[in-house]
J.: 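Here you go, one structure.
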Amino acid sequence: MTEAIAKINNKSVLLSRPYVAPATEMIGRESEMHKILAAWMRGEDGFPLSPLLLGDPGLGKNRVVYECARMCAKELYIYQGHEDVSAEDLVCAVRFSDDPGKKMDYILSPLVTAMLNGGICFVDEIGKIRPRALAPLASLLDERRYIDSNLLGERIHAHPGFRFVAATNTEDINSSLLPGFIRSRMRPLIRVGYPERHEINSIMAARHPILRGDGRDFVDHFWKLWQARNGDTPPTPRDSLYLFGFASRLADYEAAGVLRPLDLEATNGPSRPGKDHLEGAFDAFFEAAERAA
Amino acid sequence: MRPLILQFENSELLAVPAVHFSHVFAGEVNRLCAWPETRPEAIAVELGPQTAASVAAWLEQLCRGPGGPKPLPVMLGLTRANNMIRASSRDKAMQLQQETGKDLSELEPKILFDKLGYAGASLLCLCPTDSLIEAARCAIELGLPLHGIDLEEMADGRYPPVTVEDPLSANGDLAGYVHRNAGYAEQQRDEEIDGRREIAMAARLKALLHRHRRVLFTCGLAHWQRIRRLLCDKSLRPALLPKSARPAGDLFTKVVVHPLLAVRHMDIFPAVTVAYERHRRPINGINGGAQDMALPDAARLFSKTLRDGNRKYFHEAGTKERERSRDLGSLAAFESYLGNMVILQNRIVPDLFMAAEAARETMSADFVSALVNRFMDVAWATPKEHPDCSLLMPAPGHEGHSSAVVFGKGENSESDQVFIRPVPSQGRSEFQAEVPLAWTESNKKFGKYLKNSGKLYTWAPWDNLITGLSLRAIDKTPRSRPWKAIETFEGNLLEGIAVKETLRSFARGKEDILIRDTTRLKTPSEPHNRDGFPVVFLLDPEAADADWTAMFLDFEAMAPHIRNHGQFDHLRETKGENLVATIGFGRRHEDSWLSARRRKVRTDRYFGIVLFQPLCWTNLQFARWAELTGYERNPICRDSILQPDFSSDLSDSFSRQHGVRLKEFHWTTNLILMALPFARDTLQVVAPDGYKIASAAFEKARSYRVEIALVPTSFYTQAELRRLSICQMVPVFTTEPKCDYPPSVAKQIGEDPEDYLELVPRSWLEFGM
């Protein structure tokens, strides 16, 4: 979680580690990426904007941010929002020190580490953070660009290269209390919609090579099954990948035969799933949900 | 401007490979035709022979006037049926027929469009800034032969968006622009469709170059490199030119194009197209020829339109001061964001879609609407001025969709939905934005009141008022909620050690161990508290002799916005398709008519009403509400009749499931009893001072574990309560995205549809957006 040490007015602080996303091909989402990058450009007034991504779970909001960070060649620091985050957690935490000479270690949050290093801070699920915990962001996201830490007793100014982005699920923003003072500072509000069918196909083919070429029948079967259960509601990339992934694993399991113990770590290459495996995956994924409904 | 001139044996080809609809290229065609040194002997365009002839014939008719040429109205167009499906879609088409058991011609246009990419019609707009149209006009004005050298029919192409330099940068150096961008534009070609077209165009162009000494040819920039290569390819023989084509009136339908469709077939925003037409000089006119036409300054026009729009928006005296000042604070962010988008998209001036998108993501919905309306504010051609034309308009509910359309003619005829070929992105902004153009009643004369116009809808100000007053009642009532307290450990661990707080305490030198405890605290209501509904208003508990009315939201209207169709369809089948929004006790009056249409406006007087949810929303927001509340906060029924002696599924479900029998209690108690099953923890009842709630209601509330909070009517002004008791039911143009009322209704009632909207907090207005 932490590595480097920095000094803030002679106080030694531990820094959070950046996240290095695995390099995979990015399919689609050019428009959303353009918008994020446009928001991050310094512009004439020298004041970059802090976009808020809004969309249903599984649509690839995080993936878009990873790609944008890669395009800017900046370090990406991710802060995962949840209901128990406090205002101080967002800035700095303390722990009992392993160093016998010290009582406590200060650990800068990913947000403040990004501020010091001129990286990108991505707050995921910001809608799940309680309003009062978001208060420190007010001074950071306007022209002041600093944050105060009570624990450190310091004011930390953002590096000019620091950029901010957050994401939340549509349902969270509808039901949660993302307060006005944050919403007004988080512009533009970029909606991440459902990808087109051909994009889903490309995403699946990129992750599952067996779907390329003569795997098209299999993809068509996927869409038939999907539409039979969901009508015109499109799948998210995550739904699609999980369904195919599970179908492949069902095939792997079948291929493993009766050998026991089962080698869960086997990497012999995927078995070729059949249409029945895909149907099995759909049944497994949707039966429970349908029963719950 | 440096033109693109190619020599072929003894002939000269003046090429204008163009970004469609851009005035820069139309201006170049005009210039080449105007100057004697470059005036061609024939003009060739990327249109089929019959199409070109039909366009020329209609243009001649449109622009001929007694006192000289007339300006070309925006926007007229020609549509024709599309008979071809892509060859590569053959297998899919066969499969589709096998699966559905229907012939392709029997399938819904939407299915054909979605599955096979087949659009039933194509549209050619007579846009003054399109180089093809300008070329046709020049041919007419100079009396030159106009040759359509493209294929007459073709299947739909698939054109991925590509980014090329802003066409404005071509101004002054067409050859350089084409050199820099034709390669990028070529990536947009669809080989399956365009390959054949380009061979036909090149072969016919060769034949024309044999026949004429100088030919002007204009086509899309994406085709140019291929055509050029084919022109140099000696193995490609000149084609036999088709005999002079005649206008084919029966193949084409003349249409007035609705502005929402037309805007996608114009220059970067409508004012540029209109300014071009204003500046344009006929080539055979008195001042024509030997002079370059002054092209519109798109950057200046954009800044001016934006500035004017802002001035009007921010100076408009109105009730939305708070929203305006918030927008004023965000204006710099909007402008900076738009500026950055322009840079990233390789533009010099943003187009309307980019501006609308940037505004939508940084400003309020009102600002977006004002901005778009300002940019769309040009003199559009109307069906009245062109009675021989049909009206081509977006299909209802598809106003932001450029492909789904209907043909209309007269008030009462409307065709089924058809699909037109989408416009390739032209290297312009790839952003798509819905254009929330506010129509005046006169624009809508060819629209209709809703087909099921027997239905009346609540008048928006009443929706706004009851929503605002309910939220005020909810805000006033404190709600009890679990509260986690941190206390110093004194022997009982209660809910465990508070680790972080204990660490913090150690860090500060106090070595206390802290623990957690949970209590229930009365806290002020939070700004987005869905749990506050329903709210009961007892306006006149003494009243009697009145009827029950349940008003509902239609599942049909919500369906396009629903995410989980499984649950939605299940409820629809099992419970019905009316989501009850209000139940009222009052008297109905039918007291007035909308004079022009003889549509009824009904006025009801309520003595009491229960509101299950906010009403001032769009269908999308209603759908979000229904899903977020799990469909548990409103009654759902098939038949919403509520009368003591009449059995309906609504009254049956109240009686059977909730023990509410309309004859058993006073109506005020019944109203509370109807609301209780749908309350979360507290039910707000607004009643006059001194009103006593019946014990039956308290008993029922206990069984539901709901508290009843009484809010005195004195909390509101008399005027508010008086207005609340009167509810007008009116006809509407459309319910999508929300009710759109005829202006004559507002005039008759004497209120603006946005009245009382300021009572509803912004967070609620933006709910679910």
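Owing to the predicted nature of the structure, the values given are computational and were not obtained by experimental measurement. Each chain gets a letter, A, B and so on, in the order its sequence line appears, and its residues count up from 1.
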J.: Any non-hydrogen side-chain atom of Met33(A) less than 4.5 Å from a side-chain atom of Leu344(B)?
T.: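 Result no, sub-4.5 Å side-chain heavy-atom pair not found.
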J.: To the closest 0.5 Å, what do you measure between CD1 (Ile190(A)) and CZ (Arg360(B))?
T.: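 Rounded to the nearest 0.5 Å, the CD1-CZ separation comes to 10.5 Å.
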J.: What part of Asn150(A) lies closer than 4.5 angstrom to a heavy atom of chain B: side chain, backbone, both or neither?
T.: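 For Asn150(A), neither part sits under 4.5 Å from chain B.
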J.: Under 4.5 Å from any heavy atom of chain A, what part of Gln95(B) do you find: side chain, backbone, both or neither?
T.: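 The side chain, not the backbone.
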J.: Taking atom CE of Met41(A) and atom OH of Tyr337(B), what is their separation to the nearest 0.5 Å?
T.: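 Met41(A) atom CE to Tyr337(B) atom OH measures 12.0 Å (nearest 0.5 Å).
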J.: Once you round to the nearest 0.5 Å, how far does CG of Leu49(A) lie from CG of Asn340(B)?
T.: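 Answer rounded to 0.5 Å: 7.0 Å.
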J.: Decide yes or no on side chain to side chain contact (heavy atoms under 4.5 Å, CB included) for Arg563(B) and Thr233(A), but give the supporting numbers first.
T.: CA-CA 7 Å; Arg563(B) 292 201 182 113; Thr233(A) 311; 5.6 Å; no
J.: Residues two or more places apart in sequence or in another chain: which of them pass ring-ring contact (aromatic ring centres under 6.0 Å, His included) with Phe218(A)?
T.: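 Phe244(A).
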J.: Within this structure, what is the NE2-CD distance for the pair His34(A) and Glu357(B), rounded to the nearest 0.5 Å?
T.: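 The NE2 atom of His34(A) sits 13.0 Å away from the CD atom of Glu357(B).
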J.: Tell me, with the steps shown, if Ser86(A) and Arg504(B) meet side chain to side chain contact (heavy atoms under 4.5 Å, CB included).
T.: CA-CA 13 Å; Ser86(A) 68; Arg504(B) 231 175 264 149; 3.9 Å; yes
J.: Would you give the length of the straight line joining atom CZ of Arg95(A) to atom NZ of Lys500(B), rounded to the nearest 0.5 angstrom?
T.: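 So the gap between those two atoms works out to 16.0 Å.
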J.: More than 12 non-hydrogen atoms from neighbouring residues, nucleotides or ligands closer than 6.0 Å to CD on Gln227(A), yes or no?
T.: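 Enclosed.
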J.: At a 4.5 Å cut-off on heavy atoms, which part of Arg185(A) comes close to chain B: side chain, backbone, both, or neither?
T.: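 Neither part, no heavy atoms under 4.5 Å.
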J.: Going through the checks in order, is the salt bridge (Lys or Arg N to Asp or Glu O under 4.0 Å) test met by Lys35(A) and Glu361(B)?
T.: CA-CA 10 Å; Lys35(A) 288 173 186 172; Glu361(B) 288 167 354; 2.9 Å; yes
J.: Counting only heavy atoms not in Arg144(A), do more than 12 fall under 6.0 Å of its CZ?
T.: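 Enclosed.
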J.: What part of Phe334(B) gets within 4.5 angstrom of chain A, counting heavy atoms only: side chain, backbone, both, or neither?
T.: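 Neither; nothing under 4.5 Å.
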J.: Can you confirm whether more than 12 heavy atoms, excluding those of Phe506(B), are under 6.0 Å from its CZ atom?
T.: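 Buried by this count: over 12 neighbours within 6.0 Å.
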J.: Identify which part of Arg326(B) has an atom lying under 4.5 Å from any heavy atom of chain A, answering side chain, backbone, both or neither.
T.: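 For Arg326(B), neither part sits under 4.5 Å from chain A.
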J.: More than 12 heavy atoms of other residues, nucleotides or ligands under 6.0 Å from CD of Glu108(B): yes or no?
T.: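 It does not: Glu108(B) CD has 12 such atoms or fewer within range.
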J.: Going from CG on Leu37(A) to CE on Met341(B), what distance comes out if it is rounded to the nearest 0.5 angstrom?
T.: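 Taking CG in Leu37(A) and CE in Met341(B), the distance rounds to 11.0 Å.
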J.: Between Leu503(B) and Val94(A), what is the shortest heavy-atom contact and its length?
T.: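 Looking at all heavy atoms of both residues, the shortest contact is CD1-O, 4.1 Å.
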J.: Does any heavy atom of chain A fall under 4.5 Å from the side chain of Ile343(B), the backbone, both, or neither of them?
T.: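 For Ile343(B), the contact with chain A is made by the side chain alone.
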J.: Glu99(B) versus chain A, heavy atoms under 4.5 Å apart: side chain, backbone, both or neither?
T.: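 Just the side chain, heavy atoms under 4.5 Å.
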